[in-house]
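A short write-up of the structure that comes next.
Every chain is numbered from 1, with letters handed out A, B, ... down the list of sequences.
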Amino acid sequence: MSKKVRVRFAPSPTGGLHLGGVRTVLFNYLFAKQQGGDFILRIEDTDQGRFVPGAEEYILDTLRWCGLEPDESPVHGGPYAPYRQSERKPSYRQYAEQLVKDGYAYYAFDTPAELEEMRVRFKTAENPSPQYNQQIREQMRNSLTLDAGETQRLLAEGTPHVIRIKMPANETIRFTDMIRGEVSFHTSQVDDKVLLKADGMPTYHLAVVVDDYAMKITHAFRGEEWLPSAPVHLLVWKYLGWESEMPEWAHLPLILKPDGNGKLSKRDGDRLGFPVFAMDWTDPKTGETTIGFKERGFLPEAFVNLLAMLGWNDGTDNEIFSLPELIEKFSIERVHKGGAKFDYEKAKWYNHEWIKKLGVGSLELGVKAEFEKKGILIADEDALLPKVIELVKDRCTLLPDFVQQGSFFFQAPTTVEVDAIKPKWDDKKNLFFTELIRGYELSNTWEAQGLENEFKELAAANHLKPGELMLPFRIMLVGGKFGPGVFDIAALIGMYETVNRIKHTLGLLQ
RNA sequence: GGCCGGUUCGUCUAUCGGUUAGGACAGCCCCCUUUCACGGGGCAAAGACGGGUUCGAUUCCCGUACCGGCUACCA
């Protein structure tokens, strides 16, 4: 019996959660749930300069909307608290010091200015970004170059310093990535990353190891951008003596911008006109709001579905999966290695599929909200809405489309495209509609088929082709050339509205 | 520049050495529809390049090219 699977998503609370982040959550979640494991949310707030108020709540809200609720988190609690790195601060220093004591790390007293100077000094055409590595560290102010007494003095005086990992000279670090297979790095090419910052906070490199260890994480999923620093993490696991408990790693492929190349960013969404964040995010500093998939009218089912298909498939032609189906079918072996360009058109297709697939009941709340956003109030006891949804859902891609496709059921069209009728309008047609009004007003039943029969009989009696009359009728009822079957519409809006709208348009045609 | 990773239609992808290289989105055409959609049918569209290995490579290996990621006291 192997130990219980525990995975974590560890975002830093710096702003809205974007597509790539949510997909990382998704793959974490799917893997954990399939294995009967736990999904943990851990907030990586070690960079106090980048902390953004509200971001943590936003992340929780987003996960909730997606249906990817954590088993443990800062708000859900759990046996491995704290779930915010800042609250674990005291313990990081201890581990960093231990590494120094064991000779795996060292104190560095270089000031930011000195580091900058080093980068300038060693910068050449061949080496545009010099690293604090095995060669360079010999020329810097650290406990490797300073004698012990001097180091002690500086520390005793409270000189600002960081703790850096001391990369071994000549080792090959290998590990098996669940997605990429065997990956290896040579330590001579890896720099001495800072583990503990001058403010006493750990960098990601230390914190991720200490926290994953403390929280008994068994599998670590993260974006491909972390691959280059993996050897640092592997070494920290080893140096801290925890190697046997190190999680398995999986580096997920990136989500790329649709045009050109490169990681998808918020900017691309702004530029190309599609959301990148899961939900609306308002920057507390600028007050600027960035649109989210939710507010654009995406269903969480579709959002999760489309994210899952960015880099994974089950090997069949099936593309539509519910969350439970994904949990059942997901396999890390089938996750791609290469990045995927985000295609907004395809994203909309997923939403359309889900709108068609979902029953009226699941759509009702969201659709009602869209109408109310546009100032069209729909009473709870109004039985009309479900019928309208049923009638128009097949032609709606995003939630706001329901307003476009269905507002005329609730209120007479504000503009009527009479110009589409006028050219072929004549007295015979005018007479027909006048008689139609009289006929409809006398109807003792009011349902689509009956209305259609009556319409056609009257047309025949007037020696008119129904085809010439349907379009005008449609325009009278909905205002334009769109919508479901005209008689279905007439049946739903009722005799009073039907007759009124005909009369109104007849007036416009005078 | 260095290190690491990646590379099948425009896009997302299937293929676990032998296929007319399949599906989906988008595009175009047709049908259905007395509107617009939905739906149905069809067309067009791909293995970066060069070497190996092999009876046979999209598939395995090497090189090249191209793309990306990283190269912070950010994650």
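- In this model, the phosphate group of B/C73 is approached by a side-chain N or O of A/Arg164 to a distance below 4.0 Å at OP1 or OP2.
- Only the C1' atoms considered, B/G42 is 31 Å distant from B/U7, to the nearest whole Å.
- The gap from the C1' atom of B/G50 to that of B/U58 amounts to 16 Å, rounded to the nearest Å.
- Distance from the side chain of A/Leu227 is smallest for B/C4 among the nucleotides B/G6, B/A75, B/C4.
- Nearest to the side chain of A/Asp343, among B/C25, B/G22, B/G6, sits B/C25.
- A salt bridge is defined here as a Lys NZ or Arg NE, NH1 or NH2 lying under 4.0 Å from an Asp or Glu carboxylate O, and A/Lys428 with A/Glu468 fails to meet this definition.
- With both ends at atom C1', the span from B/C9 to B/G69 equals 26 Å, rounded to whole Å.
- Annotation: A/Phe321 is in aromatic contact with A/Trp312 [ring centroid separation under 6.0 Å].
- Residue contacts for A/Lys348: at a heavy-atom cut-off of 4.0 Å it reaches no nucleic acid atom on any strand shown.
- Both distances falling under 3.5 Å, in either a Watson-Crick or a G-U wobble arrangement, occur for no nucleotide opposite B/C16.
- Under the Watson-Crick or G-U wobble criterion, with both distances below 3.5 Å, B/C32 is left unpaired in every strand shown.
- Among the nucleotides B/U35, B/G68, B/C73, the one closest to any side-chain atom of A/Pro112 is B/C73.
- The A/Asp47 side chain lies nearest to B/A75 when the options are B/A75, B/G6, B/C25.
- At a threshold of 4.0 angstrom between heavy atoms, the contacts of A/Thr14 with the nucleic acid are absent.
- Atom NE2 of A/His352 and atom C1' of B/A24 are 15 Å apart (whole Å).
- One finds a side-chain N or O of A/Lys263 lying less than 4.0 angstrom from the OP1 or OP2 phosphate oxygen of B/C70.
- Checked against B/G1, B/U71, B/C73, the side chain of A/Lys197 finds its nearest nucleotide in B/C73.
- Atom CZ of A/Arg50 and atom C1' of B/A75 are 5 Å apart (whole Å).
- Across all strands, A/Ser129 comes closer than 4.0 Å to base atoms (heavy-atom distances).
- Counting any heavy atom pair closer than 4.0 Å across all strands shown, A/Pro11 reaches no nucleic acid atom.
- A salt bridge is defined here as a Lys NZ or Arg NE, NH1 or NH2 lying under 4.0 Å from an Asp or Glu carboxylate O, and A/Arg121 with A/Glu117 meets this definition.
- What separates CG of A/Leu252 from P of B/G5 is a distance of 17 Å, to the nearest Å.
- The ring of A/His233 has its center closer than 6.0 angstrom to the ring center of A/Tyr204.
- Contact between the side-chain N/O atoms of A/Lys356 and the OP1/OP2 oxygens of B/G39 is found at a separation under 4.0 Å.
- Note on A/Gln131: only backbone sugar-phosphate atoms sit closer than 4.0 angstrom, heavy atoms only; bases stay farther off.
- Its glycosidic angle being more than 90° from 0, B/C4 falls on the anti side.
- Taking the P atoms as reference points, B/U11 lies 14 Å from B/G68, given to the whole Å.
- Distance noted for atom P between B/A24 and B/C32: 22 Å (whole Å).
- With both pairing distances under 3.5 Å, B/G69 is matched to B/C3 as a Watson-Crick or G-U wobble pair.
- Here A/Thr124 lies out of heavy-atom contact (under 4.0 Å) with every strand.
- Ionic pairing of A/Lys357 and A/Glu301 is not present here: no N-O contact between side-chain nitrogen and carboxylate oxygen is shorter than 4.0 angstrom.
- Partner of A/Asn453 under the side chain to side chain donor-acceptor pair (under 3.5 Å) criterion, chosen from A/Gln449, A/Glu457, A/Lys456: A/Gln449.
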Please evaluate residues A/Trp349 and A/Glu353 with respect to the criterion side chain to side chain donor-acceptor pair (under 3.5 Å), reporting the C-alpha separation (whole Å), side-chain torsions for both, the decisive distance (0.1 Å), and the verdict.
CA-CA 6 Å; A/Trp349 175 79; A/Glu353 291 302 306; 3.3 Å; yes
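- Here the P atom of nucleotide B/U34 and the CG atom of A/Asp488 are 12 Å apart, to the nearest Å.
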Test A/Asn28 against A/Arg8 for side chain to side chain donor-acceptor pair (under 3.5 Å), laying out the working first.
CA-CA 7 Å; A/Asn28 263 292; A/Arg8 80 316 193 247; 5.7 Å; no
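- Rounded to whole Å, the C1' atom of B/G27 lies 28 Å from the corresponding atom of B/U34.
- Set against B/C38, B/U11, B/A75, the side chain of A/Trp226 has B/A75 as its closest nucleotide.
- Taking every side-chain heavy atom of A/Gln189 into account, B/G2 is the closest of B/U13, B/G2, B/G39.
- As rounded to the nearest Å, B/C66 and B/A75 have P atoms that lie 34 Å from one another.
- Closest contact between the side chain of A/Arg180 and the listed nucleotides B/G23, B/U35, B/G6 involves B/G6.
- Regarding A/Phe321, its CZ atom lies at a distance of 14 Å from the P atom of B/U13, rounded to whole Å.
- A/His205 comes within 4.0 angstrom of no nucleic acid atom, judged by non-hydrogen atoms across all strands.
- Among the protein residues, A/Pro258 comes within range of no part of the nucleic acid, since none of its heavy atoms lies under 4.0 Å from any strand.
- OP1 or OP2 of B/C73 sits under 4.0 Å from a side-chain N or O of A/Arg119.
- Listed candidates were B/U71, B/C4, B/C38. Nearest to the side chain of A/Phe185 is B/C4.
- Nucleic acid contact class of A/Asn127 (heavy atoms, under 4.0 Å, all strands): base.
- The residue A/Asp191 sits apart from the nucleic acid: no heavy atom pair falls under 4.0 Å.
- Nucleic acid contact class of A/Val194 (heavy atoms, under 4.0 Å, all strands): sugar-phosphate only.
- Checked for salt-bridge contact, A/Lys341 and A/Asp343 miss the test: no charged N lies under 4.0 Å from a carboxylate O.
- Nucleotide B/C25 is matched to B/G10 when pairs are restricted to Watson-Crick or G-U wobble geometry with both distances under 3.5 angstrom.
- When heavy atoms are screened at a 4.0 angstrom cut-off, A/Met470 is found touching base atoms of the nucleic acid.
- Rounded to a whole Å, the CG atom of A/Asn313 is 14 Å from the P atom of B/U8.
- Where A/Glu452 and A/Leu256 meet RNA chain B, the nucleotide closest to each residue was compared, and A/Glu452 sits on the side nearer the 5' end.
- Contacts of A/Arg334 with the nucleic acid, taken as non-hydrogen atoms under 4.0 Å apart, involve only primed sugar atoms and P, OP1 or OP2.
- Judged by atom type and distance alone, A/Lys346 reaches the base of B/A24 through a side-chain donor-acceptor pair under 3.5 Å.
- Checking B/A48 for Watson-Crick or G-U wobble geometry (two distances, each under 3.5 Å) identifies B/U64 as its partner.
- Which of B/C25, B/G5, B/A72 sits closest to the side chain of A/Val183 comes down to B/G5.
- Each of A/Gly483 and A/Pro202 was matched to the nucleotide of RNA chain B holding its nearest heavy atom; the match closer to the 5' end belongs to A/Gly483.
- In plain terms, the two heavy atoms of A/Pro284 and A/Val52 that are nearest each other are CG-CG1, 3.5 Å.
- Taking atom C1' in both B/A46 and B/A26, the straight-line distance is 16 Å, to the nearest Å.
- Using a 4.0 Å heavy-atom criterion, one finds that A/His336 contacts the sugar-phosphate atoms exclusively.
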